[in-house]
Amino acid sequence: MSLTAEPETRVGPAPEPVGALVDDSAGGTSPSVYETGRLVALAPWLPGHGERLAWLLDGQRPDGGWGAPGGYAIVPTLSAVEALLTDLRRGGPAPQSVAAAAHRGLAFLAAALRAETPPDLPATDLIVPALLAAVDRLVDAPAGPPPGLADWAGRPRLPLPAGLDPNRLTRVRGLLAAGRPVPEKLAHALEVAGELAYRAPGVRPSASGAVGASPAATAAWLGRPEPGPALDYLYAVARSGPVPCASPITVFERAWVLAVLVRAGVPVRVPERVLTGLRAAVGASGAATAPGLPADADTTSVALYALARLGRSPGVGALVGYDTGRHFCTWPGEDGASLTTNAHVLDALGEHPSRPGVTAARRRVTDWLVGRQEPDGRWEDRWHASAYYATYAVLLALADHAPDGAARTAVERGVGWLLATQRPDGSWGRWRGTAEETAYAVLALAGAGRAGDARIGAALARGRALLSDLDGRDGGPALWHDKDLYRPTLIVRAAVLAASGHAGRASAYPEATMIRIA
């Protein structure tokens, strides 16, 4: 790690993990069952194929599924099963193990697709119909089922879950078949187009070589191992075997890590080139999570907030195009709306209270967020599986930038929900207590709760004491929404560090651990 004496913006000495921000320029995120399954099916020629196949087999749950509980298992299980069936058709290694895993996966899907509804993840309405059709073709092929799956011949087809319309996939494929480009955001899931994804019109790799910042989309677009930036990207991202849903995530990772740490008062030192790079990522229409994806209000607002807190604000003009008049969309034409995007917009606007139009926009966003609070006091959002992330984001935005009236009442109700849902061991979590969700609850209570409240003080003490026993460095479940659930490793580590209880005290970070962003 570089420790050269270049110009820097300093807010105290910097603790770990911020020094890791540039160790991997692509950013750090957990591997995805969905995306890894797509590479097994689409790119068996890519080095690491055997490792990816073994990783899928090792990750199957005892009930035959893959992924998180409930409807979250549908997309990763469909991808894994289709990949295993494809490998059997090719005559891949360990056919008995692969066939047994595929058999258990099909049995799981036959029940889950009738009982569960997939959650609102990006491109689910395209992915599920595409994979169901692919599984049907593999099982019901004229030559018979793949080896080891003869008893699946003639069984009823796997059902499309209620509420999913296959016609959107038909329209997307129709655009490509007619030689017309698809919307930019759909490049991230280009693999749903099947053979039509190959050199799809209007789709080109970004500067990183990726199509839509996705290994699966890139493999589908490339089609075969032809030399060039796309192949170089795949070799780099797949060098360890399993792959993430999105890479690179540099802008997203840096913006979130810096915003979390600076807001909590954790001391950081930021070299000039890191700030310059983050500032350069914010164009006239905002910032994108990754090259090859469209700019979005979420990444834009978090980057603007971090830059403003670090003295490098470019203003909030880049957010104008996302203002719908009532709230801010994540991107123009968004289906639905995101509460955390609007909470982050409120944070960014709050750093510029004197700018023309900001006061009215803050009032509108505040009212919109307050109106979407759940009856029990929490908030839910489309970009994260846990209500603790959404509640943390909204509570802090309201407490910092709209502290009076209905917003204060909403904050108090949110704080009440956090106090009521702390687990007996001091943790918080949707499915179980986790370091990530505990960190969000601690940060929300510390930042939005009333000072001197004995209940809040006791809850914070128990939560912070437990954080040292929970694995917030590399472990914990994947909770963030993409095509599959994922965990942005450094962002989670930053939240745990920020919640540890000593933010702002240099003495909490011994000299041996003082590492700046370099």
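Values below: all heavy atoms of this structure, side chains included; hydrogens, waters and symmetry mates excluded.
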If you take all heavy atoms of L176 and A193, which pair is closest and at what distance? CD1-CB, 3.4 Å
Full working for side chain to side chain contact (heavy atoms under 4.5 Å, CB included) between L445 and L419: CA-CA 8 Å; L445 288 174; L419 293 173; 4.3 Å; yes
Does the side chain to side chain contact (heavy atoms under 4.5 Å, CB included) test come out yes or no for D120 and T124, once each step is laid out? CA-CA 7 Å; D120 179 25; T124 290; over 6 Å; no
Between L39 and A219, the two heavy atoms sitting closest are CD1-CB, 4.1 Å
Lys/Arg-Asp/Glu bridge criterion (N-O < 4.0 Å) met for R263, D347: yes
So do I74 and E116 actually touch side chain to side chain, heavy atoms under 4.5 Å? yes
Show, in sequence, the C-alpha distance, side-chain angles and deciding distance for Y322 and V345, and conclude whether the side chain to side chain contact (heavy atoms under 4.5 Å, CB included) test is met. CA-CA 10 Å; Y322 303 96; V345 167; over 6 Å; no
Keeping R52 on the side-chain end and P47 on the backbone end, is there a donor-acceptor pair under 3.5 Å? yes
With distance as the sole criterion, is a donor-acceptor pair present between the side chains of R38 and S79 under 3.5 Å? yes
Between R173 (side chain) and V192 (backbone), is there a donor-acceptor pair under 3.5 Å? yes
Heavy-atom side-chain contact between L479 and W431 under 4.5 Å: yes
Pair R378-Y388, side-chain donor/acceptor within less than 3.5 Å: no
With a 4.5 Å cut-off on side-chain heavy atoms, are D232 and P205 touching? no
Do side-chain atoms of R464 reach the backbone of A461 as a donor and acceptor pair under 3.5 angstrom? no
Run the side-chain contact (heavy atoms from CB on, under 4.5 Å) test against E51 and tell me which residues pass, sequence neighbours left out. none
Closest heavy-atom contact between W331 and A295? CB-O, 4.2 Å
Apply side chain to side chain contact (heavy atoms under 4.5 Å, CB included) to residues V411 and V394 and explain how you reach the verdict. CA-CA 9 Å; V411 167; V394 177; over 6 Å; no
D296 and T330 side chains, donor-acceptor separation under 3.5 Å: no
Looking at side-chain heavy atoms only, is the closest gap between R493 and L497 below 4.5 Å? no
Between T299 and T289, is there a side-chain donor-acceptor contact under 3.5 Å, judged purely by atom types and distance? yes
Is there a side-chain contact between P248 and V237, using heavy atoms and a 4.5 Å cut-off? no
Short question: side chain of S338, backbone of R382 - any donor-acceptor pair under 3.5 Å? no
Minimum heavy-atom distance between L466 and S427, given as atom pair plus value: CD2-CB, 3.0 Å
Do the side-chain N and O atoms of K483 and S214 include a donor-acceptor pair separated by under 3.5 angstrom? yes
What's the shortest heavy-atom distance between G426 and R462, and which atoms? N-NH2, 3.5 Å
My understanding is that only one of D298, V251, V492, L490 makes a side-chain contact (heavy atoms from CB on, under 4.5 Å) with W256; could you say which? D298
Rounded distance [0.5 Å steps], CZ in R89 versus CG in L84: 13.5 Å
Between Y440 and Y392, is the ring centroid distance below 6.0 Å? yes
Output for pair (T218 OG1, L231 CG), nearest 0.5 Å, gives 10.5 Å
Do the side-chain N and O atoms of W480 and E436 include a donor-acceptor pair separated by under 3.5 angstrom? yes
How far does CH2 of W417 sit from OG1 of T391, to the nearest 0.5 angstrom? 4.5 Å
Taking the ring of H481 and the ring of Y72, is the distance between their centroids below 6.0 Å? yes
Determine whether H188 and D482 make a side-chain contact, defined as any pair of heavy atoms from C-beta on separated by less than 4.5 Å. yes
Looking at W152, does the NZ or CZ of R155 lie under 6.0 angstrom from its six-membered ring centre and within 45 degrees of the ring axis? yes
For the pair R430 and E380, find out whether any cationic side-chain nitrogen is under 4.0 Å from an anionic carboxylate oxygen. no
Would you kindly say whether T250 and E253 are connected by a side-chain donor-acceptor distance under 3.5 Å? no
Hey, does the side chain of R61 reach the backbone of A68 with a donor-acceptor pair shorter than 3.5 angstrom? yes
Q422 side chain to A459 backbone, donor-acceptor under 3.5 Å: yes
Has W428 got a side-chain atom pairing as donor or acceptor with L418's backbone, closer than 3.5 angstrom? yes
When you measure from the side chain of W379 to the backbone of L369, do you find a donor-acceptor pair of N or O atoms at a distance under 3.5 Å? yes
Distance col, row L395:CG vs R413:CZ, nearest 0.5 angstrom, shows 11.0 Å
Check: L160 and L113 side chains under 4.5 Å, non-hydrogen atoms: no
When you measure from the side chain of R90 to the backbone of P44, do you find a donor-acceptor pair of N or O atoms at a distance under 3.5 Å? no
Could you check, using the six-membered ring where one of them is a Trp, whether W383 and Y389 have ring centers closer than 6.0 angstrom? no
Would you say S30's side chain and R487's backbone share a donor-acceptor pair under 3.5 angstrom? yes
Scan side-chain atoms only and decide if E191 and Y34 contain a donor-acceptor pair under the 3.5 Å cut-off. yes
Compare every heavy atom of T77 with every heavy atom of G105, then report the nearest pair and how far apart it is. O-CG2, 4.2 Å
Which value, rounded to the nearest 0.5 Å, describes the distance between L346 atom CG and T340 atom OG1? 12.5 Å
Do N342 and H327 get their side chains close enough for a donor-acceptor pair, meaning under 3.5 Å? no
Without hydrogens or angle criteria, can the side chains of S247 and Y233 be said to hold a donor-acceptor pair below 3.5 Å? no
If you round to the nearest 0.5 Å, how far is CG of L109 from CG of L158? 6.0 Å
Check the surroundings of atom CD in E195: do more than 12 heavy atoms from other residues, nucleotides or ligands lie under 6.0 Å from it? no
Compare all side-chain heavy atoms of R171 with those of N167 and state whether any distance is below 4.5 angstrom. yes
